[in-house]
**Student:** 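Below is a structure I'd like to ask you about.
So that the names make sense, note that chain A is the first sequence line, chain B the second, and so on, each numbered from 1.
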Amino acid sequence: MTDNELKNDSAVEAGSDSSARTHFIEDIIAEDNKTGRFGGRVHTRFPPEPNGYLHIGHAKSICLNFGLALDYGGKCNLRFDDTNPTKEEVEYVESIMNDVRWLGFDWEDRLFYASDYFDQLYEWAVQLIKAGKAYVDHLNADEIREHRGTLTQPGKDSPYRNRSVEENLDLFQRMKNGEFPDGTCVLRAKIDMTSPNLNLRDPVMYRILHATHHRTGDKWCIYPMYDWAHGESDSIEGITHSICTLEFEDHRPLYEWFVENLNIYRPQQIEFARLNLTYTIMSKRKLIRLVQEKHVRGWDDPRMSTLSGMRRRGYPPEAIRAFCDMIGLAKSNSVADFAMLEYCVRQHLNKVATRVMAVLNPLRVVLTNYPEGQVDELDAVNNPEDPSAGTRKVPFSRVLYIDRDDFMENPPSKFYRLSPGREVRLRYGYFIKCEEVIKDEAGNIIELRCTYDPTTRGGEAPDGRKVKATIHWVSAAHALDAEVRVYEHLFTRPDPNSDDEGKDFTAYINPNSLQVLAGCKVEPSLKDAAPGSRYQFERLGYFCVDPDSQGSTLVFNRTVTLRDEWAKLQKSQPS
RNA sequence: UGGGGAGUCGCCAAGCGGCAAGGCUCCGGACUUUGGAUCCGGCAUUCGUAGGUUCGAAUCCUACCUCCCCAGCCA
């Protein structure tokens, strides 16, 4: 996919006339381009820490950063912010690269790691020490906290704050050489212990961590803190607009203090509001708990808000991009409605998904006037939204399955599917009329006896009579068995974080978030459906073949239902 | 009570002194061999509150209110 296709695609998906409406970051870029601040360059970066899987919130940042580069003819780097070896793993860096690519973005040859810059960072730290702007502090963690003061009280200088440059240089080198155990001392920037901005009260730049790093191994036992590594990495890479989330607004003065005191190139940090979505959790800490405590099957469980989960669920990357376009960008905390995401998923799938017939909850139907052993090959349209998708043959015979939801013995007035004595159309097939309801001893309906009208082949009656409903079906003798996994929101409330009642978010996990339907029947054209392929099961929703499918066992995930007027009616008038 | 942000329809979100875009949701209706899609129509006399400036304010000024973030050797 070319850059242009990607752009147009997203714009079209979002239903926006792209050209108009700019958000505040685009305004900033326009202004910078006007003043020539960065010489017309736009160079962004997506800087994940490899300590978990990417989620839909990251998608917003990815689309923003890579999207801006695309829109302004600039570049976007992928940079792993790997400054804490105790939490980071290669499994995560691989999954992250995989997810960014899947979303449709390309960092070309610009794959970087903050750990690439450890040597440079060390040199710069020495430079600050020499300038009297950094010192080694032997206060322990508790003491540092005590000296930091509070929100309303200024902090106090550490007794080690005024060590000589020589002593600091010596100590810092010995920190690096591994002469001290974890926690004995840290390197701090010497700024202002009385600043109302706590980030400026002599922030820690390096801590001692005798841990093996996923890339640098045991080369280092001191690791830079986020504030010390991030801006400097941006500077090294020539980033123009360093976009991050709101909680870093307070860090901007520190970001700028470092680049100014080092006298190096200064990128512009810009903050935006992270994405929140109803019925989902976005914190990595909580997502990892869902996985570790086995509330879900793994990072890629289709109920997860991770990109890998959404991929397995069947959400197309185009839909996620369109969603990121649709939600806009601002600085106010907000919670996007999950329905927006589903709208984007349906909108894309409607245009591209092959239609197929599947019966989730089979009810046997025998056409009493249809010749035994006769098979009719009916023509079915693969995608009414896309004529080029062509048609296929669907076998029709005497014994069929329809969905139990499509039959009611005593239908309410608004129900216009099949019921005793009523006639409906079988999609692409014939009109059938229900003549008899067969029940078992317990009174459960086990079969319907119907007659079909041979003159209605294809679904049109020569006498022009109309039918109120068209229902889907499969031929019993030809159908394939399948397992279908039906999902609902993972949480029972729009904001699972609301810890009123002092409850943990796990208290709001939806016990019905996964329902496994066995014994489903799908049409034979699905025989060799590959994992990951997406279909519309007519009248039901969009479904995606799960990787658990193997050999003759087909497993589908329900991606999202179709919009359903009937379901809505039932909900509003329960009875 | 320190500092940094934000408050426009149920949810996102435009608007930057000239009289409230758009999308999602929702509600009507048309069409329909998917109760899908599509198409039409409806949905903020009002912009956190109260004052003020102005011919005119969501937009400027003042005060207040509410919410979010910051006291990791996490990012």
**Student:** Categorize A:Arg346 for me: base, sugar-phosphate, or nothing, with a 4.0 angstrom heavy-atom threshold over every strand shown.
**Tutor:** nothing

**Student:** With side chain to side chain donor-acceptor pair (under 3.5 Å) as the criterion, how do A:Asn51 and A:Glu49 come out once you've worked through the C-alpha distance, each side chain's angles and the decisive distance to 0.1 Å?
**Tutor:** CA-CA 6 Å; A:Asn51 67 343; A:Glu49 182 189 12; 2.9 Å; yes

**Student:** I want to check one thing: is the phosphate of B:rA13, taken as OP1 and OP2, less than 4.0 Å away from some side-chain N or O of A:Ser332?
**Tutor:** yes

**Student:** Generate the contact string for nucleotides 70-75 of chain B. Rules: B means base contact, S means sugar-phosphate contact only, - means no protein heavy atom under 4.0 Å.
**Tutor:** BBSBSB

**Student:** Could you check whether A:Arg425 gets within reach of a base, just the sugar-phosphate, or nothing at all, counting any heavy atom under 4.0 Å?
**Tutor:** base

**Student:** In whole Å, what is the span from the NZ atom of A:Lys568 to the C1' atom of B:rG36?
**Tutor:** 12 Å

**Student:** Kindly say whether the aromatic ring centers of A:Phe172 and A:Tyr206 come within a distance under 6.0 Å.
**Tutor:** yes

**Student:** If pairing requires Watson-Crick or G-U wobble contacts with both distances under 3.5 Å, which nucleotide is the partner of B:rC43?
**Tutor:** none

**Student:** Could you tell me how far B:rC70 sits from B:rC27 if I compare only their P atoms? Round to whole Å.
**Tutor:** 39 Å

**Student:** Quote, to the nearest angstrom, the P distance that separates B:rU46 from B:rC9.
**Tutor:** 13 Å

**Student:** Output the rounded distance in Å from CG (A:Leu254) to C1' (B:rG4).
**Tutor:** 14 Å

**Student:** Report yes if the distance between the aromatic ring centroids of A:Phe248 and A:Tyr226 is under 6.0 Å, otherwise no.
**Tutor:** yes

**Student:** Using whole Å, report how far CG of A:Asp495 lies from C1' of B:rC67.
**Tutor:** 14 Å

**Student:** Whole Å only: how far is the CZ atom of A:Arg558 from the P atom of B:rG36?
**Tutor:** 16 Å

**Student:** Which nucleotide, in any strand shown, forms a Watson-Crick or G-U wobble pair with B:rU32, with both distances under 3.5 Å?
**Tutor:** none

**Student:** Given atom CG of A:Leu200 and atom P of B:rG2, what is their separation to the nearest angstrom?
**Tutor:** 18 Å

**Student:** Taking the P atom in each of B:rA63 and B:rC19, what is the distance between them to the nearest angstrom?
**Tutor:** 29 Å

**Student:** Taking any heavy-atom pair under 4.0 Å as a contact, classify A:Tyr416: base, sugar-phosphate, or nothing.
**Tutor:** base

**Student:** Of the nucleotides B:rU34, B:rU25, B:rC68, which one has an atom closest to the side chain of A:Ala339?
**Tutor:** B:rU25

**Student:** Rounding to an integer number of angstrom, what distance separates B:rU38 and B:rU32 when you compare their C1' atoms?
**Tutor:** 9 Å

**Student:** Taking atom P in both B:rC68 and B:rA44, what distance in whole Å separates the two?
**Tutor:** 30 Å

**Student:** Across the strands shown, which category fits A:Phe272 at heavy-atom distances under 4.0 angstrom: base, sugar-phosphate, nothing?
**Tutor:** nothing

**Student:** Checking one value: the base orientation of B:rG72, syn if chi is within 90 degrees of 0, otherwise anti.
**Tutor:** syn

**Student:** Scan every strand shown for a Watson-Crick or G-U wobble partner of B:rA13, both distances under 3.5 Å, and answer none if you come up empty.
**Tutor:** none

**Student:** Please give the distance between the P atoms of B:rU45 and B:rG4 as a whole number of Å.
**Tutor:** 35 Å

**Student:** Is the closest basic N to carboxylate O distance between A:Glu237 and A:Arg45 below 4.0 Å?
**Tutor:** no

**Student:** How would you label the contact of A:Gln536 with the nucleic acid (heavy atoms, under 4.0 Å): base, sugar-phosphate, or nothing?
**Tutor:** base

**Student:** In whole Å, measure the gap between the P atoms of B:rC61 and B:rC16 for me.
**Tutor:** 15 Å

**Student:** How long is the line joining CG of A:Leu349 and P of B:rU38, in whole Å?
**Tutor:** 13 Å

**Student:** Should the pair A:Lys393-A:Asp379 be classified as a salt bridge under the 4.0 Å nitrogen-to-oxygen rule?
**Tutor:** yes

**Student:** Looking at every strand, decide which applies to A:Glu460 at a 4.0 Å heavy-atom threshold: base, sugar-phosphate, or nothing.
**Tutor:** base

**Student:** On the six-membered ring of A:Tyr122, is A:Lys176 placed so that its NZ or CZ lies under 6.0 angstrom from the centre and within 45° of the ring axis?
**Tutor:** yes

**Student:** Step by step, work out the side chain to side chain contact (heavy atoms under 4.5 Å, CB included) result for A:Val352 and A:Asp386.
**Tutor:** CA-CA 7 Å; A:Val352 305; A:Asp386 175 16; over 6 Å; no

**Student:** Rounded to whole Å, how long is the line connecting atom NE2 of A:His23 with atom P of B:rG15?
**Tutor:** 11 Å

**Student:** Looking at the side chain of A:Glu249, which of B:rG5, B:rU34, B:rG23 is the nearest nucleotide?
**Tutor:** B:rG5

**Student:** Hey, are A:Asp403 and A:Arg539 close enough for a salt bridge, meaning a charged N less than 4.0 Å from a carboxylate O?
**Tutor:** no

**Student:** On a whole-Å scale, what distance lies between the P atoms belonging to B:rG52 and B:rA58?
**Tutor:** 15 Å

**Student:** Just to be sure I understand the rule, does A:Glu385 reach a base, reach only the sugar-phosphate, or reach nothing, if contact means heavy atoms closer than 4.0 Å?
**Tutor:** base

**Student:** Can we call the ring centroids of A:Phe258 and A:Trp228 under 6.0 Å apart?
**Tutor:** yes

**Student:** Starting at atom NZ of A:Lys468, determine the distance to atom P of B:rU32, rounded to an integer number of angstrom.
**Tutor:** 13 Å

**Student:** Between A:Arg355 and A:Arg252, just flag the one whose closest nucleotide in RNA chain B comes earlier from the 5' side.
**Tutor:** A:Arg252

**Student:** Ion pair present between A:Arg161 and A:Asp202, side-chain N to carboxylate O less than 4.0 angstrom?
**Tutor:** yes

**Student:** Watson-Crick or G-U wobble partner for B:rC67, using a 3.5 Å limit on both distances?
**Tutor:** B:rG5

**Student:** Determine which nucleotide pairs with B:rU54, using a 3.5 Å limit on both distances of a Watson-Crick or G-U wobble pair.
**Tutor:** none

**Student:** May I ask you to say what A:Val335 touches in the nucleic acid, namely base, sugar-phosphate or nothing, with a heavy-atom cut-off under 4.0 Å?
**Tutor:** sugar-phosphate

